Peer 1: 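Let me begin by handing over the structure; questions about it come next.
Values in this document were obtained by computation on a predicted structure and should not be read as measured data.
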Amino acid sequence: WRRALDAGDAEAHAAAIERRRAAAAPSCPCERCAPERAPEAERASDGSGARDEKASVALSTTAPTSRAPHSSLPIWSPAASDVDGKLLSAQQYEEVLEHFQAHWRRGEPVIVTGVRGAGDAFWAPEALAAEMRATRARREERSERAAGSRSVSGGKKEKGRPDAVSRGDPRGSSDVELKPETVTLTDCADGSETKMPVEAFFECLSSAAAFDASVRSGRNAGLLKLRDWPGDDDFKARAPRHAEAFFSSLPFQEYTNAEDGPLNLSVALPKEWVPPDLGPKTYVAMGRLSERGLGDSVTKLHQDASDAVNVLLHVGPATLDADEEEARESEASSVGAVWDVFRREDVPVLTEWLRRAWDKGSLQFQRQRVERDSGKDSGKDGVSDSKDGGKDSSITTIRDRQNHPIHDQSAYLTAADLATLLRETGVAPWSFEQRLGDAVFVPAGCPHQVRNLRACVKVAEDFVSPESAGECLALAKQLRTGGFEDKLQGRAMVMHAARVADAALNGFKQRAFGPASAAAIAAHEAERAAAAAEAEGEAQAERFRVFLQKRRQEQAEAAAKAAEEAAAAEENDAFVGPAAPPAAAHAGAGAGNYGKALLPGEGDAMAQFVQAGKRIPRRGEVGLESDEISRFESLGYVMSGSRHARMNAIRVRKENQVYSAEEKAALAMINHEEKQAREEKVMADLKKLVEEAAGGAQ
């Protein structure tokens with residue numbers, strides 16, 4: 001087609017287009033989704049001549065498209081209720097899943113309509129921003145408390161909701177006075193970036209007056225869009241309620257479940273690895289009904305190295321000009337965006353055509369940019385500064401920016417560009433509208449572009465399916481060769497997914513490939529056996545805890561009974577008259593006389609065992625007899641005092657402190673008793689002398 005087009009031979013060019021279309025025609029299109037189904041396809045698999053009505057609807061619904069790569073390639077578009085495994089029988093869902101996999105293996109997009117929760121006020125930009133603001137406030141409060149600094153707001157609280165954040169209400173305020181969150185937006189008029197508070201951006205989404213005021217103030221020149229929000233932060237951490245609602249609403253959980261989806265290869269990566277950023281991410285953008293080319297709110301043509309699902313969850317008003325007011329009522333308000341998705345088989349032709357069109361400057365946005373720049377140059381002095389009306393210099397600046405026509409994400413093909421592409425190469429994409437609640441599944445490697453018709457809130461998640469693993473690896477290699485960054489870790493995903501699958505086929509036992517592999521597997525099995533033994537010992541540990549609790553209860557009851565008996569004895573032996581002051585306890589019995597680095601009461605408790613002539617027990621031995629301690633140690637229990645050298649040293653130091661204090665107290669008591677004995681002997685001798693003197697006098 002290229003040589004015939006350059007030579008101007010229309011007949012040869014038409015023949016080349018027909019040959020290319022015939023070569024690129026689908027070899028095995030889906031019979032269930034074909035416009036004219038064969039009579040035998042209408043019959044049920046059991047020969048009864050009638051298929052279940054619900055399953056039939058789910059298997060044959062197709063989405064309306066304005067363009068398609070081939071007449072036998074419609075887009076399968078079931079309703080969410082028709083592919084929900086909770087509503088279908090096991091056989092019906094298996095049939096639906098097989099139908100999805102048939103399209104997915106061929107690299108065809110799929111649209112699931114009517115996703116649960118779309119269109120609710122829960123997904124309005126204001127509600128999403130409120131939850132992110134609340135989680136941000138809680139995070140800053142935790143950081144403030146961890147740093148030991150005082151609250152930012154000085155103790156001020158919002159009236160009527162003082163504890164809203166502590167209760168987890170995302171609409172509540174916090175004690176922390178937050179600065180407005182600023183986001184980086186893309187100005188679609190010239191592709192520049194501008195910063196704006198997120199509340200001001202959301203006001204521009206819903207209010208034409210606010211948008212006009214923003215344009216007049218010079219903050220932005222055209223439509224605004226916000227990509228990959230909340231940026232480097234985790235969407236699940238910033239908006240946990242919205243993330244949970246999004247994940248639960250996704251169809252085909254075998255592929256889209258990011259935690260344990262059996263057909264999502266990213267799940268197979270080890271938990272200790274740093275996972276690739278597969279989302280989810282939020283896309284919030286303004287939109288315009290009519291296509292203008294330059295200045296439209298678009299996601300430019302690009303290829304993803306992974307599979308993706310994009311859900312339209314909120315549709316706001318369109319940004320209308322004066323000539324578009326009449327179209328406000330005629331356009332369906334639920335339509336949020338227009339998609340163009342190309343086949344993988346058409347990528348080489350598409351890439352070559354884009355290079356030619358780029359070098360020639362024939363794309364619509366290139367021509368519009370030349371006209372705009374030429375108008376600016378001519379507006380200064382009425383004459384263009386360049387020799388050829390400013391065209392060559394502008395095209396050169398655009399042309400020099402291109403490295404790869406698709407991976408650069410520098411071009412958007414308008415309807416006129418797509419018509420030229422079809423006329424010159426015979427390549428056409430699937431072109432369809434994304435309505436509120438539509439979940440668009442795009443296989444890896446399919447170039448696609450999006451134009452927003454209205455203010456939209458979309459949430460997208462990436463995943464890696466087994467059907468697309470080869471395409472992911474090929475694209476990753478192409479990106480690395482072209483100097484682009486590959487963050488997918490596709491090879492690691494495939495390797496670990498193969499390991500998990502092989503273990504499942506081998507009865508969940510890993511295979512050994514050589515001595516090193518056998519040693520690693522043996523170590524892994526030893527760890528699993530230790531974990532199993534630990535699980536078995538939990539029952540014994542529970543019985544041990546029950547025994548300790550019962551023993552402590554018996555001791556407490558015995559102590560209470562002894563206290564009652566002592567109180568009763570004290571009442572019976574009540575002393576009448578003045579009493580002598582109580583004898584001072586020896587030095588070791590008072591709290592605080594056992595040295596430093598002891599817990600309150602620890603020295604007195606340890607001293608009771610020394611005074612009773614017993615060994616000071618280690619931690620865990622209190623309340624147990626020696627034979628009980630031996631029995632538990634034979635079962636494998638290790639007393640905490642013997643587990644660590646440092647802990648053992650601390651225990652010995654504390655015991656020495658108590659022993660030393662008790663020895664001093666015992667020595668003082670001995671000296672006191674000897675002194676008292678001497679004094680009693682002196683008093684006895686003196687009494688004897690007095691008695692003898694009194695008897696002699698008589």
Side-chain angles (χ1 to χ4, degrees), residues 55 58-59 76 78 80-112 115-116 235-236 243-280 304-311 439-445 459-473 475-476 488-511 521 524 528 531:
L59 294 175
W76 182 45
S81 58
D82 293 336
V83 297
D84 191 347
K86 299 178 182 178
L87 304 178
L88 302 177
S89 65
Q91 182 179 359
Q92 289 174 340
Y93 184 71
E94 183 179 357
E95 188 176 1
V96 168
L97 185 61
E98 288 178 356
H99 188 196
F100 171 78
Q101 291 172 337
H103 284 275
W104 204 245
R105 279 192 297 268
R106 289 191 291 266
E108 300 173 7
V110 174
I111 305 173
V112 178
V115 170
R116 184 176 66 252
F235 181 81
K236 291 178 285 188
E244 181 180 359
F246 171 73
F247 284 126
S248 63
S249 66
L250 289 177
F252 302 115
Q253 288 284 314
E254 293 82 359
Y255 290 88
T256 57
N257 193 317
E259 297 295 332
D260 55 1
L263 298 179
N264 188 353
L265 301 189
S266 63
V267 177
L269 287 176
K271 301 301 181 183
E272 59 270 15
W273 283 34
V274 178
D277 186 10
L278 299 178
D304 289 331
S306 59
D307 304 309
V309 55
N310 185 295
V311 187
V440 180
F441 286 80
V442 181
V459 181
E461 182 204 14
D462 296 338
F463 60 96
V464 179
S465 62
E467 293 86 349
S468 302
E471 188 69 24
C472 293
L473 296 179
L475 266 176
L488 186 61
Q489 306 180 30
R491 289 179 292 184
M493 287 185 188
V494 173
M495 179 187 68
H496 286 285
R499 174 182 55 81
V500 173
D502 182 73
L505 294 175
N506 195 31
F508 296 97
K509 295 182 180 179
Q510 297 185 5
R511 300 180 189 271
I521 292 175
H524 180 66
R528 293 178 59 183

Peer 1: Within the structure provided, determine whether Val96 and Phe100 are in side-chain contact (heavy-atom separation under 4.5 Å).
Peer 2: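 Val96 does not reach Phe100 side chain to side chain.
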Peer 1: How long is the straight-line distance from OG of Ser468 back to CZ of Arg105, given to the nearest 0.5 Å?
Peer 2: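 Taking CZ in Arg105 and OG in Ser468, the distance rounds to 11.5 Å.
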Peer 1: Restricting to non-hydrogen atoms, name the atom on Val110 and the atom on Pro78 that form the minimum distance, rounded to 0.1 Å.
Peer 2: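 So the minimum-distance heavy-atom pair works out to CG1-CD, 4.4 Å.
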Peer 1: Is there a donor-acceptor pair closer than 3.5 Å between any side-chain N or O of Ser89 and the backbone N or O of Gln92?
Peer 2: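 Here the side-chain-to-backbone pair exists.
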Peer 1: Using side-chain heavy atoms (C-beta onward) and a distance below 4.5 Å, is Phe252 in contact with Val112?
Peer 2: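 When only atoms from C-beta onward are counted, Val112 and Phe252 do touch, with a gap below 4.5 Å.
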Peer 1: Is the His99 ring parallel, tilted or perpendicular to the Trp76 ring (thresholds 30°, 60°)?
Peer 2: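 Tilted: the ring planes of His99 and Trp76 meet at 30° to 60°.
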Peer 1: In sequence, state the C-alpha distance, the side-chain angles, and the governing distance for Tyr255 and Gln101, and then conclude on side chain to side chain contact (heavy atoms under 4.5 Å, CB included).
Peer 2: CA-CA 10 Å; Tyr255 290 88; Gln101 291 172 337; 3.0 Å; yes
Peer 1: Indicate yes or no for a side-chain donor-acceptor contact from Asp304 to the backbone of Ser306 under 3.5 Å, with no hydrogens or angles considered.
Peer 2: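 A pair under 3.5 Å: no.
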Peer 1: Does Thr256 use its side chain to pair, donor to acceptor, with the backbone of Pro251 at less than 3.5 Å?
Peer 2: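 Looks like yes, one N/O pair under 3.5 Å.
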Peer 1: Quick check: closest heavy atoms across Asn310 and Ala460, and the distance to 0.1 Å?
Peer 2: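 Shortest heavy-atom separation between Asn310 and Ala460 comes out as ND2-CB, 3.8 Å.
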Peer 1: Could you state the interatomic distance from OH (Tyr93) to CG (Asp84), rounded to the nearest 0.5 Å?
Peer 2: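 Between atom OH of Tyr93 and atom CG of Asp84 there are 8.0 Å.
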Peer 1: Hey, could you give me the CG/CG distance between Asp82 and Leu88, rounded to the nearest 0.5 Å?
Peer 2: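 It comes to 7.0 Å.
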Peer 1: Mind checking what makes ring-ring contact (aromatic ring centres under 6.0 Å, His included) contact with His496, not counting sequence neighbours?
Peer 2: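 With neighbours one apart ignored, the set is Trp273.
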Peer 1: Leu278 and Met493: which non-hydrogen atoms are nearest, and at how many Å?
Peer 2: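 It is CD1-CE, 4.3 Å.
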Peer 1: What's the separation between atom CG in Asp307 and atom CD in Glu461, rounded to the nearest 0.5 Å?
Peer 2: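 It is 10.5 Å, given to the nearest 0.5 Å.
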Peer 1: Which heavy atom of Ala305 sits nearest a heavy atom of Leu475, and at what distance?
Peer 2: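 Looks like CA-CD1, 3.9 Å.
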Peer 1: Can you name the residues that form a side chain to side chain contact (heavy atoms under 4.5 Å, CB included) with Val267, not counting sequence neighbours?
Peer 2: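 By the side chain to side chain contact (heavy atoms under 4.5 Å, CB included) rule, Val267 matches Asn264.
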Peer 1: Kindly say whether Ser248 contributes a backbone atom to a donor-acceptor pair with the side chain of Arg116 at under 3.5 angstrom?
Peer 2: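 Looks like yes, one N/O pair under 3.5 Å.
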Peer 1: Restricting to non-hydrogen atoms, name the atom on Val309 and the atom on Ala439 that form the minimum distance, rounded to 0.1 Å.
Peer 2: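 Shortest heavy-atom contact: CG2-CB, 4.2 Å.
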Peer 1: With sequence neighbours excluded, what pairs up with Phe247 under the ring-ring contact (aromatic ring centres under 6.0 Å, His included) test?
Peer 2: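 Applying ring-ring contact (aromatic ring centres under 6.0 Å, His included) to Phe247 gives none.
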Peer 1: Quick one: sort the Phe463 and Trp104 rings into parallel, tilted or perpendicular, breaks at 30° and 60°.
Peer 2: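 Rings of Phe463 and Trp104: parallel, under 30°.
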Peer 1: Looking at Leu263 and Pro466, what are the two nearest heavy atoms and their distance?
Peer 2: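 Residues Leu263 and Pro466, closest heavy atoms: O-CD, 3.2 Å.
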Peer 1: Which is it for His103 and Phe441 under the side chain to side chain contact (heavy atoms under 4.5 Å, CB included) test, yes or no, and what are the steps along the way?
Peer 2: CA-CA 11 Å; His103 284 275; Phe441 286 80; over 6 Å; no
